[in-house]
Amino acid sequence: MTTESTLRFGAQTDEVTSLLRIVNLVRTGEATTRPEIGKVTGLGRGVVSQRVDQAIEIGFLGDGEFGASSGGRAPRTLRFRAEQGRIVICALGAAHIRVGVTALDGDILAHTHRTWDIAQGPEKTIDAVMALVDDVLKKDHQVPVWGVVVGLPGPVDFATGQPVAPPIMPGWNGFDVRTPFEDRFNAPVWVDNDVNLLALGERARRRESLANLIYCKIGSGIGAGLLSQGRIHRGANGAAGDIGHVRVSDSHAQCRCGKIGCLEAVASGWALVRDAEEAVKGGTRSSLAPLAKKGTLTLEEITLAAQAGDPLAITLIQKSARVAGETIAALVNMFNPGIIVIGGAMGSAGEVFLAEVRQRVYELSLPLATRDLTITLSVNDEREPLRGGAELAREQLFDVTFPRWFADGRPSPERAAVPA
(Lines give C-alpha, C1' and ligand atoms only; values in the text may rest on other atoms or scores of the structure.)
Protein backbone atom coordinates (compact mmCIF):
# COMPACT_ATOMS: atom_id res chain seq x y z
CA MET A 1 0.00 0.00 0.00
CA THR A 2 1.17 3.54 -0.70
CA THR A 3 2.77 5.09 2.35
CA GLU A 4 1.26 8.14 3.99
CA SER A 5 4.27 10.27 3.04
CA THR A 6 3.96 9.33 -0.63
CA LEU A 7 0.29 10.28 -0.63
CA ARG A 8 0.93 13.32 1.53
CA PHE A 9 3.19 14.96 -0.99
CA GLY A 10 1.22 13.88 -4.05
CA ALA A 11 4.14 12.10 -5.74
CA GLN A 12 3.28 11.42 -9.37
CA THR A 13 3.77 7.64 -9.20
CA ASP A 14 1.68 5.17 -11.18
CA GLU A 15 0.01 4.23 -7.92
CA VAL A 16 -1.02 7.78 -7.10
CA THR A 17 -2.05 8.55 -10.68
CA SER A 18 -4.31 5.49 -10.85
CA LEU A 19 -5.90 6.37 -7.51
CA LEU A 20 -6.70 9.89 -8.70
CA ARG A 21 -8.10 8.57 -11.96
CA ILE A 22 -10.37 6.10 -10.22
CA VAL A 23 -11.85 8.81 -7.99
CA ASN A 24 -12.54 10.97 -11.04
CA LEU A 25 -14.03 8.07 -13.02
CA VAL A 26 -16.55 7.53 -10.25
CA ARG A 27 -17.10 11.28 -9.75
CA THR A 28 -17.97 11.83 -13.40
CA GLY A 29 -20.01 8.62 -13.69
CA GLU A 30 -17.74 7.17 -16.38
CA ALA A 31 -17.20 4.03 -14.30
CA THR A 32 -19.12 3.25 -11.12
CA THR A 33 -18.31 -0.41 -10.34
CA ARG A 34 -15.01 -2.17 -9.75
CA PRO A 35 -15.34 -4.27 -12.94
CA GLU A 36 -16.07 -1.11 -14.98
CA ILE A 37 -13.03 0.61 -13.48
CA GLY A 38 -10.89 -2.38 -14.43
CA LYS A 39 -12.12 -2.26 -18.04
CA VAL A 40 -11.53 1.49 -18.41
CA THR A 41 -8.13 1.61 -16.70
CA GLY A 42 -6.72 -1.80 -17.64
CA LEU A 43 -5.79 -2.41 -14.00
CA GLY A 44 -6.08 -5.85 -12.47
CA ARG A 45 -8.90 -6.75 -10.09
CA GLY A 46 -6.63 -6.77 -7.04
CA VAL A 47 -5.12 -3.37 -7.86
CA VAL A 48 -8.56 -1.85 -8.47
CA SER A 49 -9.79 -3.22 -5.16
CA GLN A 50 -6.77 -1.78 -3.35
CA ARG A 51 -7.13 1.67 -4.92
CA VAL A 52 -10.87 1.77 -4.23
CA ASP A 53 -10.26 0.83 -0.59
CA GLN A 54 -7.73 3.68 -0.36
CA ALA A 55 -10.19 6.15 -1.86
CA ILE A 56 -12.88 5.03 0.59
CA GLU A 57 -10.47 5.31 3.51
CA ILE A 58 -9.43 8.85 2.55
CA GLY A 59 -13.10 9.76 2.20
CA PHE A 60 -13.63 10.40 -1.50
CA LEU A 61 -15.71 7.34 -2.37
CA GLY A 62 -18.41 5.27 -0.71
CA ASP A 63 -20.35 2.12 -1.51
CA GLY A 64 -23.62 2.59 -3.37
CA GLU A 65 -26.41 0.28 -4.47
CA PHE A 66 -25.92 -3.03 -6.27
CA GLY A 67 -25.62 -2.71 -10.04
CA ALA A 68 -27.02 -4.91 -12.80
CA SER A 69 -25.67 -8.43 -12.96
CA SER A 70 -23.97 -9.68 -16.13
CA GLY A 71 -24.49 -13.32 -15.19
CA GLY A 72 -22.76 -13.64 -11.84
CA ARG A 73 -23.11 -11.82 -8.55
CA ALA A 74 -24.34 -8.24 -8.99
CA PRO A 75 -21.48 -5.76 -8.44
CA ARG A 76 -21.85 -3.03 -5.85
CA THR A 77 -21.68 0.45 -7.33
CA LEU A 78 -19.44 3.17 -6.00
CA ARG A 79 -20.42 6.78 -5.44
CA PHE A 80 -18.47 9.98 -5.09
CA ARG A 81 -19.13 11.50 -1.68
CA ALA A 82 -20.34 14.90 -2.90
CA GLU A 83 -21.87 15.65 0.49
CA GLN A 84 -18.53 15.87 2.30
CA GLY A 85 -17.81 19.46 1.24
CA ARG A 86 -19.41 22.63 -0.04
CA ILE A 87 -18.60 25.10 -2.81
CA VAL A 88 -19.51 28.77 -2.29
CA ILE A 89 -20.17 30.93 -5.35
CA CYS A 90 -20.40 34.72 -5.23
CA ALA A 91 -21.56 36.21 -8.54
CA LEU A 92 -21.26 40.00 -8.56
CA GLY A 93 -22.82 42.17 -11.24
CA ALA A 94 -22.87 45.91 -11.79
CA ALA A 95 -26.08 46.25 -9.76
CA HIS A 96 -26.53 43.00 -7.83
CA ILE A 97 -24.91 40.26 -5.75
CA ARG A 98 -25.95 36.62 -6.04
CA VAL A 99 -24.59 33.98 -3.66
CA GLY A 100 -25.10 30.23 -3.68
CA VAL A 101 -23.78 27.07 -2.07
CA THR A 102 -23.48 23.71 -3.83
CA ALA A 103 -22.40 20.18 -3.04
CA LEU A 104 -19.21 18.89 -4.66
CA ASP A 105 -21.23 17.54 -7.59
CA GLY A 106 -22.49 21.06 -8.40
CA ASP A 107 -26.00 20.54 -7.05
CA ILE A 108 -27.28 23.93 -5.82
CA LEU A 109 -28.40 23.60 -2.20
CA ALA A 110 -29.27 27.22 -1.38
CA HIS A 111 -28.97 30.66 -2.94
CA THR A 112 -29.91 34.27 -2.31
CA HIS A 113 -29.35 37.71 -3.84
CA ARG A 114 -29.67 41.43 -3.27
CA THR A 115 -29.35 44.64 -5.27
CA TRP A 116 -25.98 46.34 -4.90
CA ASP A 117 -23.95 48.99 -6.70
CA ILE A 118 -20.50 47.55 -7.45
CA ALA A 119 -19.14 51.12 -7.55
CA GLN A 120 -19.43 51.27 -3.74
CA GLY A 121 -15.96 49.75 -3.69
CA PRO A 122 -14.35 46.46 -2.71
CA GLU A 123 -14.40 46.69 1.09
CA LYS A 124 -18.11 47.46 1.41
CA THR A 125 -18.97 45.01 -1.33
CA ILE A 126 -17.05 42.11 0.21
CA ASP A 127 -18.68 42.84 3.58
CA ALA A 128 -22.09 42.63 1.88
CA VAL A 129 -21.09 39.39 0.12
CA MET A 130 -19.90 37.80 3.36
CA ALA A 131 -23.23 38.60 5.02
CA LEU A 132 -25.08 36.81 2.21
CA VAL A 133 -22.70 33.84 2.40
CA ASP A 134 -23.32 33.54 6.14
CA ASP A 135 -27.05 33.52 5.38
CA VAL A 136 -26.90 30.65 2.88
CA LEU A 137 -24.53 28.63 5.07
CA LYS A 138 -26.37 29.03 8.37
CA LYS A 139 -28.23 25.70 7.96
CA ASP A 140 -25.12 23.96 6.67
CA HIS A 141 -22.37 25.38 8.84
CA GLN A 142 -20.97 22.04 10.00
CA VAL A 143 -19.96 20.93 6.48
CA PRO A 144 -16.56 22.38 5.46
CA VAL A 145 -16.19 24.70 2.51
CA TRP A 146 -13.86 23.17 -0.08
CA GLY A 147 -13.71 26.07 -2.48
CA VAL A 148 -14.96 29.60 -3.17
CA VAL A 149 -15.54 31.21 -6.56
CA VAL A 150 -16.03 34.95 -7.02
CA GLY A 151 -17.28 36.32 -10.34
CA LEU A 152 -16.68 40.01 -11.12
CA PRO A 153 -18.10 42.23 -13.91
CA GLY A 154 -14.71 43.19 -15.34
CA PRO A 155 -11.30 41.85 -16.41
CA VAL A 156 -9.56 39.64 -13.83
CA ASP A 157 -6.01 38.32 -13.59
CA PHE A 158 -6.92 34.70 -12.88
CA ALA A 159 -3.51 33.83 -11.42
CA THR A 160 -3.62 36.57 -8.75
CA GLY A 161 -7.38 36.92 -8.34
CA GLN A 162 -7.12 40.68 -8.82
CA PRO A 163 -9.34 42.88 -11.03
CA VAL A 164 -7.40 44.59 -13.83
CA ALA A 165 -8.52 48.14 -14.66
CA PRO A 166 -12.25 47.28 -14.58
CA PRO A 167 -14.11 50.15 -16.31
CA ILE A 168 -17.22 50.15 -14.10
CA MET A 169 -15.56 49.22 -10.78
CA PRO A 170 -13.81 52.29 -9.30
CA GLY A 171 -11.40 51.38 -6.52
CA TRP A 172 -11.17 47.71 -7.52
CA ASN A 173 -8.06 47.78 -9.73
CA GLY A 174 -5.44 45.46 -8.23
CA PHE A 175 -7.52 44.77 -5.12
CA ASP A 176 -6.76 41.46 -3.40
CA VAL A 177 -10.18 39.81 -3.64
CA ARG A 178 -8.92 36.32 -2.81
CA THR A 179 -7.39 36.77 0.65
CA PRO A 180 -10.53 37.82 2.62
CA PHE A 181 -12.31 34.67 1.45
CA GLU A 182 -9.29 32.43 2.10
CA ASP A 183 -9.02 33.82 5.62
CA ARG A 184 -12.74 33.38 6.23
CA PHE A 185 -13.09 29.81 4.93
CA ASN A 186 -9.55 28.37 4.93
CA ALA A 187 -10.26 27.09 1.42
CA PRO A 188 -8.93 27.81 -2.08
CA VAL A 189 -10.52 30.80 -3.84
CA TRP A 190 -10.78 31.46 -7.57
CA VAL A 191 -11.73 34.87 -8.96
CA ASP A 192 -12.87 35.20 -12.57
CA ASN A 193 -14.86 37.37 -14.94
CA ASP A 194 -18.60 36.88 -14.53
CA VAL A 195 -19.15 36.01 -18.21
CA ASN A 196 -16.63 33.18 -17.94
CA LEU A 197 -18.81 31.65 -15.23
CA LEU A 198 -21.81 31.86 -17.55
CA ALA A 199 -19.86 30.17 -20.34
CA LEU A 200 -18.86 27.36 -17.99
CA GLY A 201 -22.48 27.06 -16.87
CA GLU A 202 -23.47 26.49 -20.51
CA ARG A 203 -20.77 23.83 -20.82
CA ALA A 204 -22.08 22.01 -17.77
CA ARG A 205 -25.71 22.25 -18.83
CA ARG A 206 -25.00 21.03 -22.36
CA ARG A 207 -22.51 18.38 -21.17
CA GLU A 208 -20.18 19.35 -24.00
CA SER A 209 -16.71 18.91 -22.55
CA LEU A 210 -15.02 19.99 -25.80
CA ALA A 211 -17.38 22.82 -26.73
CA ASN A 212 -16.25 25.76 -28.88
CA LEU A 213 -18.68 28.31 -27.53
CA ILE A 214 -19.05 32.06 -27.11
CA TYR A 215 -21.34 33.37 -24.39
CA CYS A 216 -22.28 37.03 -25.03
CA LYS A 217 -23.74 38.81 -22.03
CA ILE A 218 -25.54 41.99 -23.01
CA GLY A 219 -27.08 43.93 -20.16
CA SER A 220 -25.89 46.97 -18.26
CA GLY A 221 -22.48 46.05 -19.67
CA ILE A 222 -21.32 43.84 -22.54
CA GLY A 223 -18.81 41.00 -22.42
CA ALA A 224 -18.07 37.57 -23.86
CA GLY A 225 -16.86 34.28 -22.41
CA LEU A 226 -14.80 32.20 -24.84
CA LEU A 227 -14.68 28.41 -24.60
CA SER A 228 -12.09 26.70 -26.81
CA GLN A 229 -12.30 22.90 -26.75
CA GLY A 230 -14.11 23.24 -23.45
CA ARG A 231 -11.48 25.45 -21.83
CA ILE A 232 -11.91 29.12 -20.96
CA HIS A 233 -9.64 31.42 -22.96
CA ARG A 234 -8.76 34.28 -20.60
CA GLY A 235 -5.91 35.89 -22.51
CA ALA A 236 -2.56 37.13 -21.23
CA ASN A 237 -4.03 39.64 -18.76
CA GLY A 238 -7.61 38.48 -18.30
CA ALA A 239 -9.00 40.84 -20.94
CA ALA A 240 -10.10 38.21 -23.48
CA GLY A 241 -13.74 38.63 -24.42
CA ASP A 242 -14.02 42.25 -23.27
CA ILE A 243 -15.97 43.16 -26.40
CA GLY A 244 -17.91 45.95 -24.70
CA HIS A 245 -15.06 48.32 -25.43
CA VAL A 246 -14.52 47.47 -29.09
CA ARG A 247 -14.81 50.66 -31.14
CA VAL A 248 -18.01 51.11 -33.18
CA SER A 249 -17.40 52.97 -36.43
CA ASP A 250 -19.03 56.41 -36.76
CA SER A 251 -20.01 56.50 -33.08
CA HIS A 252 -19.11 59.44 -30.88
CA ALA A 253 -20.99 58.28 -27.77
CA GLN A 254 -19.16 58.69 -24.46
CA CYS A 255 -18.54 55.39 -22.69
CA ARG A 256 -18.37 54.84 -18.92
CA CYS A 257 -14.74 53.77 -19.38
CA GLY A 258 -13.86 57.28 -20.55
CA LYS A 259 -13.35 56.43 -24.21
CA ILE A 260 -15.49 57.38 -27.19
CA GLY A 261 -17.53 55.06 -29.40
CA CYS A 262 -17.33 51.80 -27.42
CA LEU A 263 -19.86 49.07 -28.21
CA GLU A 264 -21.20 49.40 -24.67
CA ALA A 265 -21.87 53.11 -25.21
CA VAL A 266 -24.08 52.24 -28.17
CA ALA A 267 -25.68 48.86 -27.48
CA SER A 268 -25.76 48.22 -23.71
CA GLY A 269 -28.71 48.61 -21.38
CA TRP A 270 -27.69 51.97 -20.00
CA ALA A 271 -27.11 53.26 -23.54
CA LEU A 272 -30.64 52.22 -24.57
CA VAL A 273 -32.12 53.88 -21.49
CA ARG A 274 -30.23 57.06 -22.40
CA ASP A 275 -31.47 56.94 -26.00
CA ALA A 276 -35.06 56.24 -24.92
CA GLU A 277 -35.06 59.22 -22.56
CA GLU A 278 -33.68 61.46 -25.30
CA ALA A 279 -36.28 60.21 -27.79
CA VAL A 280 -39.16 60.86 -25.37
CA LYS A 281 -37.76 64.30 -24.56
CA GLY A 282 -37.71 64.97 -28.30
CA GLY A 283 -41.42 64.17 -28.61
CA THR A 284 -41.46 60.48 -29.62
CA ARG A 285 -44.66 58.79 -28.46
CA SER A 286 -44.12 55.59 -26.55
CA SER A 287 -45.45 53.52 -23.67
CA LEU A 288 -42.03 54.14 -22.12
CA ALA A 289 -42.68 57.89 -21.82
CA PRO A 290 -43.97 57.98 -18.19
CA LEU A 291 -40.94 56.09 -16.84
CA ALA A 292 -38.52 57.98 -19.09
CA LYS A 293 -39.83 61.33 -17.86
CA LYS A 294 -39.49 60.21 -14.22
CA GLY A 295 -35.94 58.94 -14.81
CA THR A 296 -36.85 55.44 -13.59
CA LEU A 297 -36.69 53.62 -16.93
CA THR A 298 -34.72 50.35 -16.99
CA LEU A 299 -33.55 47.95 -19.69
CA GLU A 300 -36.05 45.39 -18.45
CA GLU A 301 -38.90 47.84 -19.10
CA ILE A 302 -37.58 48.44 -22.62
CA THR A 303 -37.43 44.71 -23.43
CA LEU A 304 -40.94 44.16 -22.08
CA ALA A 305 -42.24 47.07 -24.16
CA ALA A 306 -40.54 45.65 -27.26
CA GLN A 307 -42.24 42.30 -26.73
CA ALA A 308 -45.55 44.17 -26.40
CA GLY A 309 -44.99 45.89 -29.76
CA ASP A 310 -43.90 49.38 -28.70
CA PRO A 311 -42.26 50.96 -31.81
CA LEU A 312 -39.61 52.95 -29.92
CA ALA A 313 -38.59 49.95 -27.81
CA ILE A 314 -38.36 47.71 -30.88
CA THR A 315 -36.24 50.29 -32.69
CA LEU A 316 -33.84 50.54 -29.74
CA ILE A 317 -33.55 46.76 -29.32
CA GLN A 318 -32.93 46.20 -33.03
CA LYS A 319 -30.30 48.96 -33.12
CA SER A 320 -28.47 47.29 -30.23
CA ALA A 321 -28.73 43.91 -31.94
CA ARG A 322 -27.35 45.20 -35.24
CA VAL A 323 -24.30 46.80 -33.66
CA ALA A 324 -23.67 43.88 -31.31
CA GLY A 325 -24.13 41.48 -34.22
CA GLU A 326 -21.34 43.22 -36.14
CA THR A 327 -18.90 42.69 -33.27
CA ILE A 328 -20.05 39.10 -32.78
CA ALA A 329 -19.53 38.48 -36.51
CA ALA A 330 -15.89 39.51 -36.12
CA LEU A 331 -15.56 36.98 -33.29
CA VAL A 332 -17.12 34.29 -35.46
CA ASN A 333 -14.62 34.89 -38.26
CA MET A 334 -11.69 34.86 -35.84
CA PHE A 335 -12.78 32.18 -33.35
CA ASN A 336 -15.05 29.87 -35.42
CA PRO A 337 -17.34 28.75 -32.57
CA GLY A 338 -19.97 26.06 -32.89
CA ILE A 339 -22.40 27.80 -30.54
CA ILE A 340 -23.13 31.42 -29.66
CA VAL A 341 -25.30 31.97 -26.60
CA ILE A 342 -26.89 35.38 -25.99
CA GLY A 343 -27.59 36.12 -22.34
CA GLY A 344 -28.01 39.04 -19.99
CA ALA A 345 -31.03 41.30 -19.64
CA MET A 346 -31.11 42.01 -23.37
CA GLY A 347 -31.72 38.34 -24.03
CA SER A 348 -35.18 38.67 -22.50
CA ALA A 349 -36.21 40.62 -25.60
CA GLY A 350 -36.27 37.24 -27.32
CA GLU A 351 -36.54 37.01 -31.09
CA VAL A 352 -36.75 40.80 -31.49
CA PHE A 353 -33.09 40.90 -30.51
CA LEU A 354 -31.93 37.44 -31.61
CA ALA A 355 -33.23 37.63 -35.19
CA GLU A 356 -31.32 40.84 -35.83
CA VAL A 357 -28.10 39.40 -34.37
CA ARG A 358 -28.43 36.30 -36.54
CA GLN A 359 -28.96 38.40 -39.65
CA ARG A 360 -25.85 40.53 -39.04
CA VAL A 361 -23.68 37.54 -38.17
CA TYR A 362 -24.66 35.61 -41.30
CA GLU A 363 -24.28 38.72 -43.47
CA LEU A 364 -20.80 39.60 -42.21
CA SER A 365 -19.20 36.23 -41.41
CA LEU A 366 -17.55 33.80 -43.78
CA PRO A 367 -19.81 30.94 -44.97
CA LEU A 368 -17.38 28.32 -43.65
CA ALA A 369 -17.44 29.90 -40.18
CA THR A 370 -21.26 29.88 -40.05
CA ARG A 371 -21.88 26.53 -41.76
CA ASP A 372 -22.45 24.64 -38.49
CA LEU A 373 -23.05 27.63 -36.24
CA THR A 374 -25.93 27.74 -33.75
CA ILE A 375 -27.01 31.11 -32.33
CA THR A 376 -29.40 30.82 -29.43
CA LEU A 377 -30.64 32.50 -26.26
CA SER A 378 -29.53 31.44 -22.79
CA VAL A 379 -31.97 29.63 -20.54
CA ASN A 380 -32.37 32.92 -18.60
CA ASP A 381 -32.08 31.14 -15.24
CA GLU A 382 -30.85 33.36 -12.43
CA ARG A 383 -28.87 30.40 -11.06
CA GLU A 384 -26.70 30.00 -14.19
CA PRO A 385 -23.69 31.92 -12.80
CA LEU A 386 -23.87 29.74 -9.69
CA ARG A 387 -23.75 26.58 -11.81
CA GLY A 388 -20.86 28.02 -13.77
CA GLY A 389 -19.00 28.92 -10.59
CA ALA A 390 -19.43 25.39 -9.26
CA GLU A 391 -18.16 24.06 -12.59
CA LEU A 392 -15.05 26.24 -12.30
CA ALA A 393 -14.35 25.09 -8.73
CA ARG A 394 -14.82 21.42 -9.59
CA GLU A 395 -12.55 21.76 -12.61
CA GLN A 396 -9.83 23.40 -10.54
CA LEU A 397 -10.21 21.00 -7.61
CA PHE A 398 -10.40 17.68 -9.42
CA ASP A 399 -8.81 18.26 -12.85
CA VAL A 400 -6.07 20.77 -12.07
CA THR A 401 -4.96 20.65 -8.42
CA PHE A 402 -6.15 17.24 -7.18
CA PRO A 403 -2.65 15.66 -6.97
CA ARG A 404 -1.45 18.42 -4.64
CA TRP A 405 -4.02 17.98 -1.91
CA PHE A 406 -5.91 14.68 -2.21
CA ALA A 407 -3.85 12.90 0.48
CA ASP A 408 -5.04 15.50 3.01
CA GLY A 409 -8.65 14.54 2.31
CA ARG A 410 -9.68 18.12 1.54
CA PRO A 411 -8.08 21.10 -0.24
CA SER A 412 -6.17 23.92 1.40
CA PRO A 413 -5.51 27.38 -0.08
CA GLU A 414 -1.78 26.65 -0.46
CA ARG A 415 -2.09 23.27 -2.22
CA ALA A 416 -4.90 24.36 -4.55
CA ALA A 417 -3.45 27.74 -5.47
CA VAL A 418 -3.36 28.85 -9.10
CA PRO A 419 0.27 28.73 -10.33
CA ALA A 420 1.65 32.24 -10.85
Side-chain angles (χ1 to χ4, degrees), residues 88-100 112-135 148-185 187-198 217-225 234-246 253-260 262-265 268-271 273-274 298-299 344-345 385-386 388-389 392 413 417-418 420:
V88 172
I89 304 100
C90 310
L92 282 64
H96 70 271
I97 301 170
R98 188 172 302 281
V99 167
T112 187
H113 76 282
R114 63 167 294 182
T115 57
W116 183 265
D117 182 1
I118 196 76
Q120 292 196 50
E123 291 88 355
K124 288 183 178 180
T125 299
I126 288 176
D127 286 344
V129 170
M130 291 294 190
L132 291 180
V133 173
D134 288 341
D135 185 51
V148 180
V149 172
V150 181
L152 298 176
V156 173
D157 184 330
F158 188 68
T160 65
Q162 297 176 358
V164 182
I168 64 169
M169 299 169 62
W172 285 82
N173 182 41
F175 186 83
D176 182 7
V177 176
R178 183 183 292 160
T179 297
F181 291 93
E182 287 182 343
D183 292 344
R184 169 70 172 78
F185 298 105
V189 178
W190 296 279
V191 186
D192 207 349
N193 181 270
D194 61 343
V195 191
N196 288 342
L197 301 191
L198 291 167
K217 180 184 177 185
I218 304 177
S220 56
I222 298 176
R234 297 183 174 88
N237 303 106
D242 195 9
I243 62 173
H245 302 284
V246 171
Q254 178 79 44
C255 185
R256 294 185 294 184
C257 73
K259 295 185 177 181
I260 300 295
C262 294
L263 175 63
E264 185 178 305
S268 70
W270 64 265
V273 169
R274 174 202 64 205
T298 64
L299 174 58
L386 305 182
L392 172 60
V418 177

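As the structure is a computational prediction, the values presented were derived from the model and not from experiment.
Note that CG of Asp176 and CZ of Phe181 are 10.5 Å apart. Values are rounded to the nearest 0.5 Å. In this structure, CG in Leu132 is found 9.5 Å from CH2 in Trp116, a value given to the nearest 0.5 Å. For the atom pair NE2 (His113) and CG (Leu386), the distance works out to 11.0 Å, reported to the nearest 0.5 Å. Atom CZ of Arg98 is separated from atom CD1 of Ile89 by 12.0 Å, given to the nearest 0.5 angstrom.
Panel note: side chain Asn193, backbone Val195; a donor-acceptor pair is recorded below 3.5 Å. No donor-acceptor distance shorter than 3.5 angstrom exists from the side chain of Arg256 to the backbone of Ile168, with no hydrogens or angles considered.
Closest approach of Ala128 to Ile97, counting heavy atoms only: CB-CD1, 4.0 Å. Nearest heavy-atom pair across Pro167 and His245 is CG-NE2, 3.5 Å. Here the shortest heavy-atom pairing between Ala91 and Pro385 reads CB-CB, 3.8 Å. Minimum heavy-atom separation, Ala271 to Ala265: CB-O, 3.4 Å. Closest of all the heavy-atom pairs between Cys255 and Glu264 is SG-CB, 4.4 Å. For the residue pair Leu152 and Pro163, the shortest heavy atom distance occurs at CD1-CG, 3.7 Å.
Here the side chains of Val133 and Phe185 are in contact, with some heavy-atom distance below 4.5 Å. A heavy-atom distance below 4.5 Å is found between the side chains of Asp134 and Arg184. Residues Pro166 and Asn173 have side chains in contact (heavy-atom distance under 4.5 Å, counting atoms from C-beta outward). In this structure, Ile118 and Trp172 have side chains that are in contact, with non-hydrogen atoms separated by less than 4.5 Å. You'll find the side chain of Val164 stays beyond 4.5 Å of the side chain of Gln162, heavy atoms only. For the pair Asp192/Arg234, a side-chain contact is recorded, criterion being any heavy-atom separation below 4.5 Å from C-beta on.
Between Lys124 and Asp117 no salt bridge is recorded (no basic side-chain N to carboxylate O distance below 4.0 Å).
With a 6.0 Å radius and a threshold of 12 heavy atoms from other residues, nucleotides or ligands, Asn237 has its CG atom at or below the threshold.
Checking each of Ile218, Ile222, Asp242 against Leu263 for a side-chain contact (heavy atoms from CB on, under 4.5 Å) leaves exactly one that passes, namely Ile222. Just one of Val88, Val150, Leu92, Val177 meets the side-chain contact (heavy atoms from CB on, under 4.5 Å) condition when paired with Val129; it is Leu92.
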